[in-house]
Asks: 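Right, I'll just put the structure down here and ask away after.
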Number of protein chains: 2
Amino acid sequence: MKSNEIKEAALKYFTIHGYEGASLSQIAEEVGIKKQSIYTHFKGKDDLFLQVLRDAKETELSSKLQYFNKIDSKNPEKDLYGFLKLVIDLFQKNEQLKFWLRMSFFPPAHLSKAIEEEVINLEEKVQVVLESKFQDWIDAEVIVRDAAKTPTFAFLGVVDSIMLELVYGNDEKRLKDKLEASWTVFWRGISHR
Amino acid sequence: MKSNEIKEAALKYFTIHGYEGASLSQIAEEVGIKKQSIYTHFKGKDDLFLQVLRDAKETELSSKLQYFNKIDSKNPEKDLYGFLKLVIDLFQKNEQLKFWLRMSFFPPAHLSKAIEEEVINLEEKVQVVLESKFQDWIDAEVIVRDAAKTPTFAFLGVVDSIMLELVYGNDEKRLKDKLEASWTVFWRGISHR
DNA sequence: TCGTATTTTACGAACGTTCGTCAGTTATGT
DNA sequence: ACATAACTGACGAACGTTCGTAAAATACGA
């Protein structure tokens, strides 16, 4: 399917150069067609962008939800750390998460409304499922008693900081160090000891 | 000084639209001149951008270093939390930190090398002074014994996550919640209890 | 199976706009 | 007068987009 090839190339250029910096001619060249041919598959640049955006959202959402639905253990230490590893893995094996991150925080101005909706929608869903997990662990007394929101937001903060380090991305060693440091302190902060 | 007005306007547009999305004509219009007049003060778009970048770097660096040089107390709880509040304050009262953050993580491709140098240079300096503070606190036994790098990186992670929330920026309540949650868990993670 | 009709896909050419930049000229103030 | 600053005018290049057309793939009836 050629439209998928186009979306792949578009993802790459949108991620590297942003919406304004990515040109249709570059994207077309990557696929081996002329830029006019893009209009056979998409209404225009905005349409292409929004389809790439929705694909990225779906990939990220399903990956994360799937992870939490799979686990049922009473072992938050393993599960939470595993989630951080999952995020790193997602980030490194496809570009969609990096694209998503860039557009979440620095959306093209004329599409910021539409993007913001998608971002909030995804964020809420992740937060809800995460918060209920933390509530379970609190009830089971495997982590410290607290408002479930506290470890939830703190953990989302750790995820964010790891993702930033991934975006920054030129230093594998530093990533590992930051991950270990953030995780160590976070886990000490929510576990009994 | 007109060149400062131009840099101010440029900062604004670079921050909102990125390098590629910001046009010299928009910037000039904001100042009340024609775009060609910008060349009286700057060699071109790149020159203008790099000057704005260096100004932003200096502001951020001096603000942060000044904060840590001012404090001498043995009260990390107050000082570290105060630093987070400082970051929030810096972010909200001028655009330079937001600009800096955007360009750190999503630099225009043809200037990424120059930008990366500046970023690494700043990051190192902040890390060094922060790490020595943590070492002092560890030696004074006011926080848990650990490699100084661990609380340093963890704290930098908290700073990053707060900054991301600031970029996201449309929800004051959520910012407060995330700050409290991250801080609570972080402090529990490095303090005796 | 073959030939034809229909749809899908890609293309060249061109559109109007905007981009960053350069050159030459006019106005302002010391 | 001289320097500084902002102007007008123009440049080539790139942008996203539209149009009409040719080729390629598909569907279909004989």
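By convention in this document, chain letters (A, B, ...) are assigned in the order of the sequence lines, proteins followed by strands, and residues within each chain are numbered from 1.
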Asks: Provide, to the nearest angstrom, the distance between the CD atom belonging to Glu5(A) and the P atom belonging to dT9(C).
Replies: 12 Å
Asks: State whether Asp79(B) and Lys133(B) are salt-bridged, where the test is any N-O pair (Lys NZ or Arg NE/NH1/NH2 against Asp/Glu carboxylate O) under 4.0 Å.
Replies: no
Asks: Check whether the side chain of Lys35(A) and the base of dG16(D) form a donor-acceptor pair under 3.5 Å.
Replies: yes
Asks: Any side-chain donor paired with an acceptor under 3.5 Å for Asp55(A) and Gln51(A)?
Replies: no
Asks: Check this one for me: any side-chain N or O of Ser37(A) less than 4.0 Å away from OP1 or OP2 of dC11(C)?
Replies: yes
Asks: Just how far, in rounded Å, is C1' of dC7(D) from CD of Glu29(B)?
Replies: 16 Å
Asks: Between Ile38(A) (CD1) and dG16(D) (P), how many Å, whole number?
Replies: 9 Å
Asks: Using OP1 and OP2 only, check whether a side-chain N or O of Ser25(A) sits under 4.0 Å from dA14(D).
Replies: no
Asks: Checking the side chain of His192(A) only, and the main-chain atoms of Glu141(A) only, is there a donor and an acceptor separated by less than 3.5 Å?
Replies: yes
Asks: For the pair Glu165(B) and Arg174(B), find out whether any cationic side-chain nitrogen is under 4.0 Å from an anionic carboxylate oxygen.
Replies: yes
Asks: Please tabulate, one pair per line, each protein N/O and nucleotide N/O from nucleotides 23-25 of chain C that are separated by under 3.5 Å, including the distance.
Replies:
none

Asks: Glu20(A) CD to dA14(D) C1': how many Å, rounded?
Replies: 15 Å
Asks: Could you tell me whether Glu29(A) atom CD has more than 12 heavy atoms of other residues or ligands within 6.0 Å of it?
Replies: no
Asks: Could you write out DNA chain C as a dot-bracket string, with dots for unpaired bases, | for bases paired across to another strand, and Watson-Crick or G-U pairs counted at under 3.5 Å?
Replies: |||||||||||||||||||.|||||||||.
Asks: When the ring planes of Phe186(B) and Trp183(B) are compared, do they come out parallel, tilted or perpendicular, using 30° and 60° as the limits?
Replies: tilted
Asks: Of the nucleotides dA6(D), dG16(D), dG20(C), which has the atom closest to the Ile33(B) side chain?
Replies: dA6(D)
Asks: Could you say whether Lys2(A) or Tyr39(B) is positioned toward the 5' end of DNA chain C, judged by the nucleotide with the nearest heavy atom to each?
Replies: Lys2(A)
Asks: So, Asn4(A) and Glu8(A): side-chain donor and acceptor under 3.5 Å apart, yes or no?
Replies: no
Asks: I want to check something: taking the side chain as every heavy atom from C-beta on, are Arg188(B) and Arg188(A) in contact at a cut-off of under 4.5 Å?
Replies: no
Asks: When you check the gap from the basic side-chain N to the acidic O, do Asp177(B) and Lys173(B) get nearer than 4.0 Å?
Replies: yes
Asks: Given dC19(C), is OP1 or OP2 found less than 4.0 Å from the side-chain N or O atoms of Ser23(B)?
Replies: yes
Asks: Using the six-membered ring wherever Trp is involved, compare the ring planes of Tyr67(B) and Phe83(B) and label them parallel, tilted or perpendicular (cut-offs 30° and 60°).
Replies: tilted
Asks: What is the distance from CG of Leu24(B) to C1' of dA13(D), rounded to the nearest Å?
Replies: 15 Å
Asks: Salt bridge check, Arg54(A) against Glu118(A): does any charged N sit closer than 4.0 Å to a carboxylate O?
Replies: yes
Asks: Please report, rounded to the nearest Å, how far the C1' atom of dC11(C) is from the CD1 atom of Ile6(A).
Replies: 14 Å
Asks: Kindly state which residues belonging to residues 40-50 of chain A come within less than 4.0 angstrom of DNA chain C, counting heavy atoms of the residue only, listed by number.
Replies: Thr40(A), His41(A)
Asks: So what does Ala28(B) hit on the nucleic acid, given a heavy-atom distance under 4.0 Å: a base, only sugar-phosphate, or nothing?
Replies: nothing
Asks: Pick out which of Phe106(B), Phe99(B), Phe49(B) makes a ring-ring contact (aromatic ring centres under 6.0 Å, His included) with Tyr19(B).
Replies: Phe49(B)
Asks: Rounded to whole Å, how long is the line connecting atom NZ of Lys34(B) with atom P of dT26(C)?
Replies: 18 Å
